[in-house]
Each structure stands twice: as C-alpha cells, then as structure tokens.
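What follows is a short report on a single structure.
Below, read A as the first sequence line, B as the second, and so on, with proteins coming before strands; counting in each chain starts at 1.
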Number of protein chains: 2
Amino acid sequence: MPTIRDVSQLAKVSQATVSRVLNGTVPVSPIKRAAVLEAIAQLGYQPNAFARSLATNRSRAIGALVSELSSAVYGDIVRGIEAVVEARGLHMVVSSGHARSDLERRSFAFLKERRTDALIVQVDATSEGELATWVRQSGLPVVVVGRHIPAIAERCVYLDNVAGGALATRHLLERGHRRIAHIAGLMRITDARDRLTGYRQALAENDLPFEDVLVAEGGFVEDGGYRAMLQLLERDAGFTAVFAANDQSAAGALKALRETGLRVPDDISLVGFDDLLIAHYLFPALTTVIQPFAEMGQAAAWLALTALGIDDDKEVTRRFDPVLVERDSVAAP
Amino acid sequence: MPTIRDVSQLAKVSQATVSRVLNGTVPVSPIKRAAVLEAIAQLGYQPNAFARSLATNRSRAIGALVSELSSAVYGDIVRGIEAVVEARGLHMVVSSGHARSDLERRSFAFLKERRTDALIVQVDATSEGELATWVRQSGLPVVVVGRHIPAIAERCVYLDNVAGGALATRHLLERGHRRIAHIAGLMRITDARDRLTGYRQALAENDLPFEDVLVAEGGFVEDGGYRAMLQLLERDAGFTAVFAANDQSAAGALKALRETGLRVPDDISLVGFDDLLIAHYLFPALTTVIQPFAEMGQAAAWLALTALGIDDDKEVTRRFDPVLVERDSVAAP
DNA sequence: ACTCTCCGTGAAACCGCTTTCAGGCATTGT
DNA sequence: ACAATGCCTGAAAGCGGTTTCACGGAGAGT
C-alpha cells in the first residue's frame, strides 16, 4: 500500500507538498500540483486515516450511541444522523446500549476511547445527572437526543411530549369523546410521564376530571398494551376512546379490542404515538402522533457538527413539535 | 490527556514496559506491572486508538456497508453484526449504499480508506462480478451477506431463496390450492429470480403448469404489490392463493384484496416472504417465510473474524435454510 | 567457580501523516 | 537598481503508540 512518501518521490516533491495538495491548506503551484495528482492516480494512493488522525488529533468520525441499532423506534434516528454525517464526508461509528445503564456506560467509554470527534447519545437508562456529566466533562461535544434535560438544554434534541399527549387527547375530544382512557408508557421514562401530563392537561382544558380508573400502564410494549386494554375493559368505566402512549401498546390494545368483539373505530376510537412503520400497517390504520425521528437525528448531527466548527452556525431546531396524522382508527362516539 | 510517556515516567519504567503490560504480549515482573497499573489508574490513562492503529496497522474495527441502515429489512443484519463484533471488543463503522451502485462504490472506498480490518457488505445494486473483485482484490477480508455468488461462495452468507420460494408455494399446495398466483420481486435482484424459481419448482413437483397469467411483478414494494394484485384480479385467472415475493408487496396485495371486498384467508390465501415486523401486525397476520437476518449478520461477522484470525475457526453456517411461520392468512380453498 | 541460557527491560527505530520554520525566488515599490 | 514583501517549498520535528534489538543479571549445567 503506497504511502505519502512514495507519492512524493514519484512526483519529485516533498511530502509536505503532497500533504498540501491533499488538504488544500496552502496554495501549491499548478505544475507541482499536477505532478502530485498524477502520482496519486498512478499509485492508487489512499491516505492512511490513522496517521492523519494521529497527526491532527481528529478522527473525522462521530460516534452514535443508541438504545437499539435499527429498531423500529430508534432506527430512524441513526439514519438521520448518518445522512448528515456522511454528507460531510465523515464517518459514523455506532454502539448500542440496550436500555441498560451498565451497557450504556460501557459503550460511552468505548466510543470515547475510540476518539470520535463528537458523540450523539440516545439512551434510556442513564440518569439525567449522569448525562449532564457526560455532556460537560467528557472533553468532546456530546449531544443528547430524545431527552430534555434542562441543565444541558442547549445540547438536547427532543420532542415536546407534553404537547404530544395533549394533541392526541385533544383530537379525541374534538371528535366528541368525553370519556377517554389512557394506556400509559413505562413510567420511569420521562416520555411516558410527559405524555400522561399532556393527557391530563387536555382534559383539564375541557373541564373534564382526571380519573384513575381510566388509566392503565402498558409499559410501551405490545403485550403490555394488550393487557392494559383488557384491564380497562374489565373496569367497565364506559370510555369511548383510548389514547395509547405509543404505537406498540396501541397495537396490543387493538388486538384486545378485536378479540373482545369491539370494533375500531365504530365502538372505540384509538390514537397511538410515534408513527412507527406498523401504524400504517395495522388494521384499521392507526391515527397517531408523529415523532420525527429522522429529523431529530439530523438535528442532533448538525448540533454536533456545529460544536465542532465543521458546520456553519445554522439555526438548529432542538425542540420538535408533535404532529398528528389521521388514519382510520378514530371516529365520533 | 495523558500519554503512555506520562504513565511510564510516573511508574518509573520505560514506555515499552507500559505497552507490554497494556497488551500482555510479553511477561512483565509483578512489581513493575503493579506500578504501571497504579500509574494508569491514577492518571486515568486511555491509550490513543490512532497511535495504536498506526503502529499495528490494525484498527480493531470492522466496517459494515448495508443498503439501508436500520430499515425494517436490513436493520437486523446490522444488529447481528454488531452483537458479535462488540462482544469481541471491536467497533463497527457503518455506511449505507441505498441500493445505488454509485453510492455503494463510494461507501466501499470510504470504508476501505478508513482502514477497517474487515468489511461486511450487503448491497443490492453492485454486480456479482464487481463484488467478486471486491472480495478478492481489496486487500482485506470482505464478506458478502444476502447474495450467493458462486465464484466467492466461501465469503457469502445467504438464504436459500429457491428453497424459500418452493417452501411457500408448497405450503399453499399442501392446503389444497391448485391455482396459485405469484407477485414477483424486483427481477434484477437475484433473490427475486430465485424465489420465482422456487415457485416454479414447487409447481412442477406437483405436475402443475407454470402460467404467465398467474405472475405479476410487485417490485418488492408495497405499492407494487398493490398494483400487481389488482392486475392479477383483473386477469380473472381464477386463482385461490397468492405467494408474494416479500412481506411489503404482500401488505400491498392485502390492501388491494380488502378494497376489492375479498377476504383473506376465506376467499384468497396469502403467503409473504421475509417475516418483517409488519407481518405480525398485518390483519390478518401474515403467514410468511422467515429470513433470519440477525443470524445471517452474526454469521457474516464470524466469518470476518475468522478471516482475521481473531475467532477460532468455528464452523459458520453460510447458507441458511428458510422456515415458514404460519399465521392467519392461509386457509384451504 | 565459570560458562551458557533465558528472561525481563530500556533505548531507539519505526508507523504515515501534518505542520512549523526558515529559506529561496520572483514581484513590487521607490 | 536595490530593498522589501510575499509566496512556495523542503527539511525536520512531532503525534502516541508498538516492536526490534541488545544488554545485564539471575539461574542452570558441568
């Protein structure tokens, strides 16, 4: 494998000159430049990324730590990051934390040792305090996606989950529903609590009481949604609509309703959250709140690049507003 | 950030000794070893990955080039790779080709320049010939997943698509169907052709003729499946079952059937291929052929590690056999 | 007691690139 | 015509590790 030395000898210039045409840092006379380019082409020379990184102390790579590489939920975040990172000629090195704090910590150390220029983290288990430490004391730009941590808000990209919960609930209220049940998410996750808050907020706006009997926990998973739905039906609380904290629990709820012989949306209306791929494929197709994962990933990447001084200081959206997409799972009571 | 020199000075040994305890290459006396470890802990020293890679010419990273990072289809491949790579303490750097040959080529060069120790590629657009060149002349171990290329079979991890097509078709035949339509995939992709071959093979086994009128191309996408289904219905060829070349076109077909007022499986039975997440969420849940993406990713990673001499020469499955999962979309005619 | 191994250790040479520094040459100003 | 100003260029010093090589001392063999 040819080195810069080989190129310099073939082109009869110094290594420094080769480096300069390679990086365009300093003007080089057209004659020498041409000779260098010719030599590069002839040898099929590719600069050694390690040597370059060692000399410059920059890796031209950014690290992404996500809960689950390529899950239905987080996959698009990674994709969003990749799109902008790759467009800048950088690379992405990935690692996943599987929503376990020990693994998340390990992966973080892992990526730091790799000396990526910046880190984008989407973690579920790590506490806000520790995340704040990561952002502030790790010695490289760290961007947090999917969490809103006030202490480091300028480094967070997140969806306004309270507004999302309110949006979903309000949509049902507008269709005339008055008794609306909620299948809550995993309550140790901020998102779940925020969506519940939004639900309460929308009820309050309409002078409706919040009733414990109308809330069951679905844990953000399909099976949990299924069981939560059965619980709610058993309580016989007379609701006509359900807001599920995410699409997966909505899918479970749908199954429970179908098995019970209740029709959606004729008997019960249903709204989900996230707009995963499956929302579109469920029957009836699920009305849900869009969480723009890909855009959030992009925004996180921009934020990181800006911190690195690679990107111009473009205005980056950090708080995303939820949007509701209407499909076929909601009707008037 | 402390360097190996700082450690060596604090521990009053040479850099060489520090390096030796770090890597365990050569025995070091217990006293010095302890001093070194103490110094490392005290300084919070982390070896510089670039310097190490430059000196050893190994990156401890493997590259993954996939069509779509984190799509429903390919996501699990990446996940499988990551699982084994991470378990060995290596890293993964990813890039995606978006099924366009120019991008695939660019990403390949990209990763090569990054000097990853090995490359795992899952590409759609690159020709078999070029892939063979990649595998043989790129100077580092390259493993191909999702394609069977005879010339480099020992470096390929793939599903037996012919057997898969036959399996799906045979399943319908066994349920008593005699006129079975096929929604084919994108015919420039080998997988699509192989599945069609399997379909023909199963028909032949049962002395049934292959009829052009029973085949429509769905291009592996939902909308294509939808239109293919409408085409087939229009031709009025009297089939009672459909084998779709993948789950996405099956989803489209399902939609077309529903809109036409035909019930699945009562009027028409349907089998898909891939076992994507959506197969489970469709209504009725789709009977389909499982493609074990995660296992294939793992196998590819093992193959790469074996080629690097990192893993023992474990026996790695390269050709995977399809398995059919029965759900609710098939019944007797 | 003397030589022969063998083992642990440090000095120093790389790995391949970037970047500083100083010098040479061609321009420009007067 | 001469000094001053720039612009290009090459030599060389890093960047932070690994690895070769030679050496000193301890243990083994005779």
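- B:Asn57 has its CG atom 17 Å from the P atom of C:dC14, to the nearest Å.
- Side-chain proximity of A:Ala51 to C:dC17, D:dG10, C:dT18: nearest is C:dC17.
- Ranking D:dG10, D:dT18, C:dT18 by closeness to the B:Asn23 side chain, first place goes to D:dT18.
- Between A:Ile4 atom CD1 and D:dA12 atom P there is a gap of 17 Å when expressed in whole angstrom units.
- Pairs passing the salt bridge (charged side-chain N to carboxylate O under 4.0 Å, His left out) check and including a residue from residues 19-40 of chain A, sequence neighbours excluded, do not occur.
- A:Val18 comes within 4.0 angstrom of nothing in the nucleic acid, heavy atoms only.
- Annotation: of the two residues near DNA chain C, B:Arg115 and B:Lys32, the 5′-most nearest-nucleotide partner is B:Lys32.
- Residue contacts shown for A:Thr3 are limited to sugar-phosphate atoms, with no base heavy atom under 4.0 Å away.
- The separation between A:Phe50 atom CZ and D:dT18 atom P is 13 Å, rounded to whole Å.
- Looking at the side chain of B:Leu54, the nearest of the listed nucleotides D:dG10, D:dG16, D:dG17 is D:dG16.
- The distance from atom CZ of B:Arg58 to atom C1' of C:dG16 is 18 Å, rounded to the nearest whole Å.
- What separates CD1 of A:Ile31 from C1' of C:dA26 is a distance of 13 Å, to the nearest Å.
- Residues A:Glu104 and A:Thr126 bring a donor and an acceptor atom of their side chains to less than 3.5 Å of each other.
- Here the straight-line distance linking atom CZ of B:Phe108 with atom OG of B:Ser101 works out to 14.0 Å at 0.5 Å rounding.
- Between A:His148 and A:Tyr158, the two ring planes are parallel [angle under 30°; tilted spans 30° to 60°].
- Between the side chains of B:Glu68 and B:Ser96, not a single donor N or O lies within less than 3.5 Å of an accepting N or O.
- For the pair A:Ser19 and C:dT18, the criterion of a side-chain N or O lying under 4.0 Å from OP1 or OP2 is met.
- Under 4.0 Å is where a charged nitrogen must lie from a carboxylate oxygen, and between A:Asp76 and A:Arg79 at least one such pair does.
- Of the candidate nucleotides D:dC8, C:dT18, C:dT9, C:dT9 has the atom nearest to the side chain of B:Ser29.
- Of the listed nucleotides (C:dC17, C:dA12, D:dG16), C:dA12 has the atom at the smallest distance from the side chain of B:Ala16.
- The overall bend of the helix from C:dA1-D:dT30 to C:dT30-D:dA1, read as the angle between its terminal helix axes built from five base pairs each, is 30° when rounded to 10 degrees.
- Between B:Thr56 and the phosphate of D:dT18, there is no side-chain N or O to OP1/OP2 separation shorter than 4.0 Å.
- Counting to the nearest Å, the P atom of C:dC15 and the CG atom of B:Asn48 are 18 Å from each other.
- Between B:Arg5 and D:dG16 there is no side-chain N or O to OP1 or OP2 distance below 4.0 Å.
- Within the structure, salt bridge (charged side-chain N to carboxylate O under 4.0 Å, His left out) contacts touching residues 45-57 of chain B (residues at least two apart or in different chains) do not occur.
- Mapping A:Pro27 and A:Gln15 onto DNA chain D by nearest heavy atom places A:Pro27 at the nucleotide closer to the 5' end.
- Spacing between atom CG of B:Asp6 and atom C1' of D:dG16 amounts to 10 Å, rounded to whole angstrom units.
- Closest approach to the A:Ala55 side chain among D:dG17, C:dT18, C:dT9 is made by C:dT18 (side chain taken as heavy atoms from C-beta onward).
- Under a 3.5 Å cut-off, the side chain of A:Arg58 and the backbone N or O of A:Ser53 do not form any donor-acceptor pair.
- Distance from the side chain of A:Arg20 is smallest to D:dT9 among D:dT9, D:dT18, C:dC17.
- Of the listed nucleotides (C:dT18, C:dA11, D:dT9), C:dA11 has the atom at the smallest distance from the side chain of B:Ser14.
- What separates CD of B:Glu113 from P of C:dG16 is a distance of 15 Å, to the nearest Å.
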